[in-house]
S.K.: 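Quick one: the structure is below, and I'll ask about it shortly.
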Amino acid sequence: MDGLRTTLSFFVDPLKYLVDLPTVLLGQISDSATTYRTLKSENESLREEQLVHQTKLLKFAALEKENIRLRALLENSFKLGEQVLVAELLSVNMAPYEHIVVVNKGTRFGVHSQQPVLDANGVVGQVFRALPFTSEIMLITDPNHAIPVQVNRNGLLTIAVGSGQLNRLVLPFLPSNADIRPGDLLITSGLGGTFPQGYPVAVVDEFTSQPNKAFATITATPKAMLDRNRELMIVWSKSIPVPLISKPVGNEAGSNNNEAK
Amino acid sequence: MRLNNYVGFFRITLTLVLAMCLRIAPWPPEIAIFNPDWVLLVLIYWSLVIPDRVGIFHAWIFGLLTDVLTGRLLGQYALAYSLIIYICLKLHKRLRQFPFLQQALFIFFCLLLSQLLLFFIKNLQHPAQLKASFWLPVFTGTLSWPLVYGLLGFVSLFRRIK
């Protein structure tokens, strides 16, 4: 069945690019019409931003090493290292009611289904179906989507379910006395295996508990700009954990083996 | 004659491709819920005007393509379109005699039947998730039938002159 879909997509996918063409052209026209001054100011602000990010990354490298060392002390393996591919959104409307978007990278770039998709601010969704030239991405706000999350403040685990509105997630499985309050950051918990651990998902904006109900009504706003971004990042997470035994030991074992041979 | 056949085939395919483009056009979400099933409207038109050319096979193929295009369960549009086009082929002689309003009423029931089929299939997958606005394309589709009829009438007239 998937083979048939892939074959048919060779005929159909050009249409998606065709429909997307006016948007691309409009974007290019508005790009070429910007003045020198706006470009210069944008360039300056971007350079500043990059400087800030790089300074943060300097610290991040040290923290990562420290984290690995601490994990090693706890005898716990640590997953790290993710590869990303930037994909651009095609402005195509697949079906109303469903938050499924189409991007211009497909299996030809090695995209496969159930890959996590991020943008600069947080988790966007996951690859729902990969075709040769395009792939369909289900946003976290789709009513059929659920993402395992964790409250960043205290590590409380729960599941965030899409609500069907672009700016809202629902947390339906928390009891009324759960330690969660408006303003809490929700990050991916890494459970379920689809999303890598530690990426921001949403910020809790409302917590109401009714005495006659077992579960509280909690809503959250996604961090990612789901309706504004045209560039998304498709992530490959390396599933090989960093070895706890440091490298020299491994080499020694190898040389011992050679000697035995 | 043979060339004319090819030209006709090209025109029919082109109109269907345009309908498919309209199907996935990036309307804002408030308007997208009104977006009618253009592919079905065009298929109905051709099956009424040239039933010897456009039949169930066309409906099935373009149904499958629409399934892939909109990322649905493979075969749901193929099923709905083939069924509707079968009914149209059975009734095309009578429908040509009908006054315009009566024709529009027939189109309304065709679109309703197709949407009903899609509704059943959708409900089998994820029960009770569809809103009432799911049925809006049936009404807008009926309202845009005169438009399709007029535009494609122009296209087919053009073909006959050539």
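We name chains A, B, ... by the order of the sequence lines, and we start the count at 1 in each one. Because only heavy atoms are used, hydrogens play no part in the values below, and waters and symmetry mates are left out as well, while side chains stay in.
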S.K.: Verify the neighbour count for atom NZ of K105(A): are there more than 12 heavy atoms of other residues, nucleotides or ligands below 6.0 Å?
M.R.: yes
S.K.: Working to the nearest 0.5 angstrom, can you tell me the gap between D13(A) CG and L69(B) CG?
M.R.: 8.5 Å
S.K.: Kindly compute the distance separating CD1 (I24(B)) from CG (D20(A)), expressed to the nearest 0.5 Å.
M.R.: 9.5 Å
S.K.: Search all heavy atoms of R5(A) against all heavy atoms of R72(B) and return the closest pair with its distance.
M.R.: NH2-O, 2.7 Å
S.K.: Considering only heavy atoms, which portion of L18(A) lies under 4.5 Å from any heavy atom of chain B: side chain, backbone, both, or neither?
M.R.: side chain
S.K.: Surrounding CZ of R230(A) (heavy atoms of other residues, nucleotides or ligands, distance under 6.0 Å), is the total greater than 12?
M.R.: yes
S.K.: So does F57(B) have more than 12 non-hydrogen atoms from other groups sitting under 6.0 Å from CZ?
M.R.: no
S.K.: Kindly check if the number of other-residue, nucleotide or ligand heavy atoms within 6.0 Å of CZ (F98(B)) is above 12?
M.R.: yes
S.K.: Is it true that atom CZ of R108(A) has more than 12 heavy atoms of other residues, nucleotides or ligands lying nearer than 6.0 Å?
M.R.: no
S.K.: Taking every heavy-atom pair that is under 4.5 Å apart, which of V92(A), T23(A), I100(A) has the most such pairs with chain B?
M.R.: V92(A)
S.K.: Using side chain to side chain contact (heavy atoms under 4.5 Å, CB included), reason through N35(B) and N93(A) one step at a time and then give a plain yes or no.
M.R.: CA-CA 10 Å; N35(B) 199 7; N93(A) 203 336; over 6 Å; no
S.K.: Show the nearest heavy-atom pair for residues M20(B) and V12(A), with the distance to one decimal.
M.R.: CE-CG2, 4.3 Å
S.K.: Using the side chain to side chain contact (heavy atoms under 4.5 Å, CB included) rule, pick out the option among D67(B), I61(B), V68(B) that qualifies with L8(A).
M.R.: V68(B)
S.K.: With only heavy atoms counted, which part of T66(B) is less than 4.5 Å from chain A, the side chain, the backbone, both or neither?
M.R.: neither
S.K.: Taking distance alone, no hydrogens or angles, what donor-acceptor pairs closer than 3.5 Å link side-chain atoms of residues 208-220 of chain A to residues at least two apart or in another chain?
M.R.:
{"residue": "T208(A)", "atom": "OG1", "partner": "T217(A)", "partner atom": "O", "Å": "3.2"}
{"residue": "T219(A)", "atom": "OG1", "partner": "D205(A)", "partner atom": "OD1", "Å": "2.9"}

S.K.: Pick one of side chain, backbone, both or neither for R129(A), based on which atoms fall under 4.5 Å of a heavy atom in chain B.
M.R.: side chain
S.K.: Does F106(B) have more than 12 heavy atoms from other residues, nucleotides or ligands lying within 6.0 Å of its CZ?
M.R.: yes
S.K.: Give me the contact list for residues 135-146 of chain B versus chain A, heavy atoms only, anything under 4.5 Å, ordered by residue number.
M.R.: none
S.K.: What are the two closest heavy atoms between V19(A) and A25(B), and how far apart are they?
M.R.: CG1-CA, 4.0 Å
